Amino acid sequence: MGKTVDLDRVATLARDYSFAFLVTVGDDHRAHTTAVTPSYADGLFDIGPVGRHGWANLTAHPAVTLAFPARDVTEYSLLVDGEAELSDDPESPVRVRPTKALLHRPLPADAPPSAFGAYDCVQLT
């Protein structure tokens with residue numbers, strides 16, 4: 001069994017970001033990215049309706065990523081992998097149940113490479 005996501009910490013951190021990018025994948029294996037303004041409650045992100053391409057991708061491939069971008073290169077971006085939960089109505093809000101989350105940023109140019117390479121990563125488990 002994998003590690004569980006620290007949902008309380010993810011919820012607290014997500015409040016500091018004004019938007020996220022929803023990344024879905026189509027049958028052609030190409031990523032489709034859409035800007036969304038998620039809200040978080042009860043273990044789920046509500047990302048609102050996702051549009052025609054996003055809906056088609058999610059019905060075939062419900063695994064998604066929410067990428068909350070940092071405001072500056074010295075700050076962390078919040079990356080949340082999850083499973084989309086859909087209703088039967090393509091115009092209804094989509095919810096995402098987090099399955100993995102981490103904070104991620106590049107290392108400063110003058111920093112020695114870490115064991116992970118040229119970036120700083122914090123798992124939220």
Side-chain angles (χ1 to χ4, degrees):
M1 177 184 269
K3 296 179 182 178
T4 59
V5 178
D6 184 344
L7 295 175
D8 291 335
R9 188 164 179 209
V10 171
T12 299
L13 290 167
R15 284 185 227 135
D16 291 336
Y17 298 87
S18 57
F19 75 102
F21 292 104
L22 170 69
V23 183
T24 63
V25 178
D27 287 336
D28 61 359
H29 304 287
R30 291 180 185 256
H32 181 271
T33 306
T34 307
V36 295
T37 52
S39 61
Y40 185 87
D42 301 323
L44 297 168
F45 282 102
D46 182 330
I47 59 173
V50 296
R52 180 172 55 93
H53 292 296
W55 183 263
N57 288 353
L58 292 175
T59 57
H61 311 282
V64 301
T65 297
L66 290 171
F68 296 81
R71 291 177 291 271
D72 184 83
V73 72
T74 62
E75 297 176 1
Y76 285 102
S77 293
L78 173 62
L79 305 175
V80 179
D81 291 337
E83 291 291 321
E85 296 183 358
L86 307 168
S87 73
D88 292 333
D89 180 5
E91 295 184 23
S92 67
V94 173
R95 290 176 178 76
V96 175
R97 181 172 307 283
T99 58
K100 182 179 179 181
L102 57 93
L103 294 169
H104 195 279
R105 68 179 175 187
L107 288 175
D110 61 349
S114 73
F116 301 107
Y119 58 88
D120 179 8
C121 181
V122 178
Q123 294 283 333
L124 299 175
T125 55

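Throughout, numbering of the chain's residues begins at 1 and tracks the sequence. Since we're looking at a predicted model, the values are computed, not measured.
- Under the 4.5 Å side-chain heavy-atom criterion for grouping Ile, Leu, Val, Met, Phe, Trp and Tyr, Y17 is connected to F45 within one hydrophobic cluster.
- In this structure, CG on L124 lies 11.5 Å from CG on D8, to the nearest 0.5 angstrom.
- We find the CD-NE2 distance between Q123 and H104 to be 10.0 Å, quoted to the nearest 0.5 Å.
- Applying the salt bridge (Lys or Arg N to Asp or Glu O under 4.0 Å) test to pairs two or more places apart or on separate chains, those with a residue in residues 46-70 are D46-R95.
- The side chain to side chain contact (heavy atoms under 4.5 Å, CB included) test applied to D16 returns no partner, not counting sequence neighbours.
- Pairing each heavy atom of V73 with each of P106, the nearest pair is CG2-CG, 3.4 Å.
- Linking ILVMFWY residues whenever their side-chain heavy atoms come closer than 4.5 Å, directly or via other members, places V122 and F68 in the same cluster.
- Residue pairs meeting the ring-ring contact (aromatic ring centres under 6.0 Å, His included) criterion with at least one member in residues 78-99: none, sequence neighbours excluded.
- Residues that satisfy the side chain to side chain donor-acceptor pair (under 3.5 Å) test with D88, not counting sequence neighbours, are absent from this structure.
- Remark: V23 engages A31, T33, T65 in a side chain to side chain contact (heavy atoms under 4.5 Å, CB included) (not counting sequence neighbours).
- Nearest heavy atoms, V80 versus P98: CG1-CB, 3.8 Å.
- Within the hydrophobic cluster formed by Ile, Leu, Val, Met, Phe, Trp and Tyr side chains joined at under 4.5 Å, directly or through other members, F19 is accompanied by F21.
- In this view, R97 and E85 satisfy the side chain to side chain donor-acceptor pair (under 3.5 Å) rule, not counting sequence neighbours.
- For the residue pair A20 and P69, the shortest heavy atom distance occurs at CA-CD, 4.3 Å.
- Residues forming a ring-ring contact (aromatic ring centres under 6.0 Å, His included) with H53 (at least two apart in sequence, or on another chain): H32.
- In terms of the side chain to side chain donor-acceptor pair (under 3.5 Å) criterion, S18 has no residue partners (sequence neighbours excluded).
- Annotation: side chain of I47 is in contact with side chain of L66 (closest heavy-atom distance under 4.5 Å).
- Closest non-hydrogen pair, A70 versus E75, comes out as CB-O, 3.5 Å.
- Applying the ring-ring contact (aromatic ring centres under 6.0 Å, His included) rule to pairs touching residues 70-102 yields nothing, sequence neighbours excluded.
- Using a 4.5 Å cut-off between side-chain heavy atoms of Ile, Leu, Val, Met, Phe, Trp and Tyr, with links allowed through other members, L79 and V96 fall into different hydrophobic clusters.
- Not a single donor-acceptor pair under 3.5 Å links the side chain of S87 to the backbone N or O of S92.
- With sequence neighbours left out, D72 forms a side chain to side chain donor-acceptor pair (under 3.5 Å) with T74.
- Clustering ILVMFWY residues whenever any of their side-chain heavy atoms sit less than 4.5 angstrom apart, transitively, puts V94 in a cluster other than the one holding L44.
- For the atom pair R9 CZ and T125 OG1, the distance stands at 9.0 Å (nearest 0.5 Å).
- Shown here for A84 and L58, the closest heavy-atom pair between the two residues is CB-CD2, 3.7 Å.
- Atom OG of residue S77 and atom CZ of residue R71 lie 10.0 Å apart, to the nearest 0.5 angstrom.
- Cluster membership check: L102 does not share its hydrophobic cluster with L7, using side-chain heavy-atom separations under 4.5 Å among Ile, Leu, Val, Met, Phe, Trp and Tyr.
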Set out, in order, the CA-CA distance, both residues' side-chain angles and the distance that settles side chain to side chain contact (heavy atoms under 4.5 Å, CB included) for L13 and L103, then state yes or no. CA-CA 9 Å; L13 290 167; L103 294 169; 4.1 Å; yes
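- At a threshold of 4.5 Å between non-hydrogen side-chain atoms, the residues V5 and V10 count as touching.
- Listed by first and then second residue, the salt bridge (Lys or Arg N to Asp or Glu O under 4.0 Å) pairs that reach into residues 23-37 are D28-R30, sequence neighbours excluded.
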